[in-house]
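The block underneath contains the structure these notes are about, expressed in structure tokens.
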Amino acid sequence: MIRLEHLGIAVKDLKTSNELFKKLLGKPHYKIEEVESEHVKTSFFQIGESKIELLEATSPDSAIAKYLEKNREGIHHVAFEVDDIKVAMELASSLGFKVLNEEPKRGADNKLVCFLHPKTTNGVLVEFCQSIK
Ligand code: CO
């Protein structure tokens, strides 16, 4: 099974963007979580079965900081939930997609995550995620 879990949106200022998305969606974020290993602070909005994840860099080393040096604020990645992330990584790799990390890593929202290089996915940074039970 695969489903759209969330859209990741890179923002410069989480507080400002939380207000903007609250206005747009008619409801506030339900959590804020910092992922220290990734140097990001995230917030989540539930939209039906899926979510919006806002990401703000907490250090210049963050992938989000680097992204915002070259791009405007906006959609950064698309995340699909899979049943077994290791199986999904092996399958993607065998099909010619470039998996960016060798092992799944700990992401926000109690998930194991990995990313596929946009060069192999029509320019879209794809995240696979699996809930940690
Ligand atoms: Co994400």
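Scope of the values below: all heavy atoms of this structure, side chains included, with no hydrogens, waters or symmetry mates. Remember, it's 1-based here, ligands and their atoms both numbered in the order they're listed.
Crowding of K41 atom NZ: a count of heavy atoms from other residues, nucleotides or ligands under 6.0 Å not exceeding 12. For N122, the CG atom counts as loosely surrounded, since its 6.0 Å shell holds 12 or fewer non-hydrogen atoms of other residues, nucleotides or ligands.
In summary, D109 places no N/O/S atom under 2.8 Å from the Co ion (ligand 1), failing the contact criterion. Taking backbone and side chain together, E5 holds no N, O or S atom under 2.8 Å from the Co ion (ligand 1). For a distance bound of 2.8 Å, the N, O or S atoms of C129 include none lying that close to the Co ion (ligand 1).
Between H29 and F45, the angle of the ring planes goes over 60°, which puts this pair in the perpendicular group of the 30/60° scheme. Between H77 and F115, the ring-plane angle classifies as perpendicular under the 30° and 60° cut-offs.
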Go through the steps for E5 and E127 under the test side chain to side chain contact (heavy atoms under 4.5 Å, CB included), then give the verdict. CA-CA 9 Å; E5 217 283 333; E127 172 187 333; over 6 Å; no
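When the Co ion (ligand 1) is compared with the N/O/S atoms of E127, atom OE1 turns out nearest.
Rounded to the nearest 10 degrees, the angle OE1 (E53) to the Co ion (ligand 1) to NE2 (H77) equals 90°.
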